[in-house]
Peer 1: 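Here it is, the structure in full.
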Amino acid sequence: MSTRDSKLVDVLFTSEFVRDQISGTYSAYNTDQHGSPKHESVYDKSTLAELKQREIHAVAAAEQGQVDDAIKQLTDIIVEYPSYASAYNNRAQAYRLQDASSSRVIADLDCAIKCAHDDQTLGQAYTQKAIVLKALGNQDDAFFNFSQGAKCGNSVAKAAASKENPYAKLCGQMVSQAMKQLHTPSTSTMTSQ
């Protein structure tokens with residue numbers, strides 16, 4: 001392999017800029033449909049602290065195998081605070097533990113995505129949705145959601161987006177094929193010697 005080709009391979013596989021462009025994570029992070037940043041919370045600090053505490057209890061119940069109770073607690077939060085994204089996100093996870101229908105899980109994740117006001121919740125919702133879609137065999141939508149989760153900084157989504165990227169896969173296949181051809185003499189070259 002020539003020095004130029006070696007440098008090209010280095011750029012393709014080590015450049016964060018190129019990798020981010022390939023995986024779709026290079027654009028501005030976490031903006032809504034109107035392009036404005038989503039960081040402000042719609043709840044005051046004391047309400048948010050109460051909601052987080054209630055969520056911790058619900059998650060603990062799920063971790064102890066009391067998934068139905070966890071779902072009830074999270075549903076109660078959602079009824080009282082219908083725009084609290086994290087509760088939708090956690091209820092979707094509880095539904096997954098319960099083996100609920102995919103449509104029910106995805107509906108909650110869509111609500112979490114719509115209501116999210118922070119990168120962590122938004123990234124988690126997109127990543128969970130991508131995992132569910134991938135399990136259903138919907139690779140294109142899974143890749144899109146992994147890419148969105150990666151834009152929000154979710155490390156699982158970042159890894160999955162670059163792994164699942166169809167362009168990156170194709171590029172990897174092309175480089176592998178070129179490397180094999182470089183290291184395996186063709187039969188026409190062998191017969192002419």
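The structure displayed is predicted, hence computed values, not measured ones.
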Peer 1: Between Asn145 and Val132, is the side-chain contact (heavy atoms from CB on, under 4.5 Å) condition met? List the steps.
Peer 2: CA-CA 10 Å; Asn145 282 275; Val132 172; over 6 Å; no
Peer 1: Using distance only, find each side-chain donor-acceptor pair of residues 57-71 under 3.5 Å and give its atom names and separation, not counting sequence neighbours.
Peer 2:
from: Asp68; atom 1: OD1; to: Gln98; atom 2: NE2; distance (Å): 2.5
from: Asp69; atom 1: OD2; to: Gln73; atom 2: NE2; distance (Å): 2.9

Peer 1: Got Gln148 and Phe144 here, is their nearest side-chain heavy-atom distance under 4.5 Å?
Peer 2: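 With C-beta onward as the side chain, the pair touches.
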Peer 1: Do Leu109 and Asn89 pass the side-chain contact (heavy atoms from CB on, under 4.5 Å) test, and can you show the C-alpha distance, the side-chain angles, and the key distance before you say yes or no?
Peer 2: CA-CA 6 Å; Leu109 294 171; Asn89 207 12; 3.4 Å; yes
Peer 1: Search all heavy atoms of Ser86 against all heavy atoms of Glu55 and return the closest pair with its distance.
Peer 2: OG-OE2, 2.6 Å
Peer 1: As an exercise, state the distance from CG of Leu122 to NE2 of His117, rounded to the nearest 0.5 Å.
Peer 2: 10.5 Å
Peer 1: May I ask you to decide whether Lys129 forms a salt bridge with Asp110, counting only side-chain N to carboxylate O separations under 4.0 Å?
Peer 2: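 Asp110 and Lys129: salt-bridged.
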Peer 1: Membership question, hydrophobic clusters at under 4.5 Å side-chain separation (ILVMFWY): are Ile78 and Val42 in the same one?
Peer 2: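 Cluster IDs for Val42 and Ile78 differ.
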Peer 1: What are the two closest non-hydrogen atoms of Ser83 and Cys115, and how far apart are they?
Peer 2: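 Closest approach of Ser83 to Cys115: O-CB, 3.4 Å.
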Peer 1: Could you walk me through whether Ile77 and Asn90 satisfy the side-chain contact (heavy atoms from CB on, under 4.5 Å) test, starting with their C-alpha distance in whole Å, then the side-chain angles of each, then the deciding distance to 0.1 Å, before giving a yes or no?
Peer 2: CA-CA 11 Å; Ile77 294 170; Asn90 283 314; over 6 Å; no
Peer 1: In chain order, what residues pass the ring pair (Phe, Tyr, Trp, His ring centres under 6.0 Å) check against Tyr81, with sequence neighbours excluded?
Peer 2: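 Residues passing ring pair (Phe, Tyr, Trp, His ring centres under 6.0 Å) with Tyr81: Tyr43.
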Peer 1: Among residues at least two apart in sequence or on other chains, which ones pass salt bridge (Lys or Arg N to Asp or Glu O under 4.0 Å) with Arg54?
Peer 2: Glu50, Glu80
Peer 1: Rounded at 0.5 Å granularity, tell me how far CD in Gln124 sits from CD in Gln128.
Peer 2: 5.0 Å
Peer 1: Could you state the interatomic distance from CG (Leu48) to CG (Asp44), rounded to the nearest 0.5 Å?
Peer 2: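 It comes to 8.0 Å.
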Peer 1: Phe146 and side chain to side chain contact (heavy atoms under 4.5 Å, CB included): which partner among Leu133, Asn154, Ile131?
Peer 2: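 The passing option is Ile131.
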Peer 1: Assigning hydrophobic clusters by single linkage (Ile, Leu, Val, Met, Phe, Trp, Tyr; side-chain heavy-atom cutoff under 4.5 Å), is Leu136 placed with Leu97?
Peer 2: yes
Peer 1: So, taking the atom named CZ in Arg96 and the one named OG in Ser101, what distance separates them when rounded to the nearest 0.5 Å?
Peer 2: 13.0 Å
Peer 1: Any salt bridge linking Lys72 with Asp76? Criterion: basic side-chain nitrogen under 4.0 Å from a carboxylate oxygen.
Peer 2: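 The answer is yes: the pair qualifies as a salt bridge.
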Peer 1: Backbone N or O of Pro82 within a donor-acceptor pair of the Tyr88 side chain at under 3.5 Å?
Peer 2: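 Side chain of Tyr88 to backbone of Pro82, a donor-acceptor pair under 3.5 Å: yes, one is there.
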Peer 1: Can you see which heavy atom on Thr127 is nearest to which on Gly149, and at what distance?
Peer 2: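 Scanning both residues completely, I find the closest heavy atoms to be OG1-CA, 4.0 Å.
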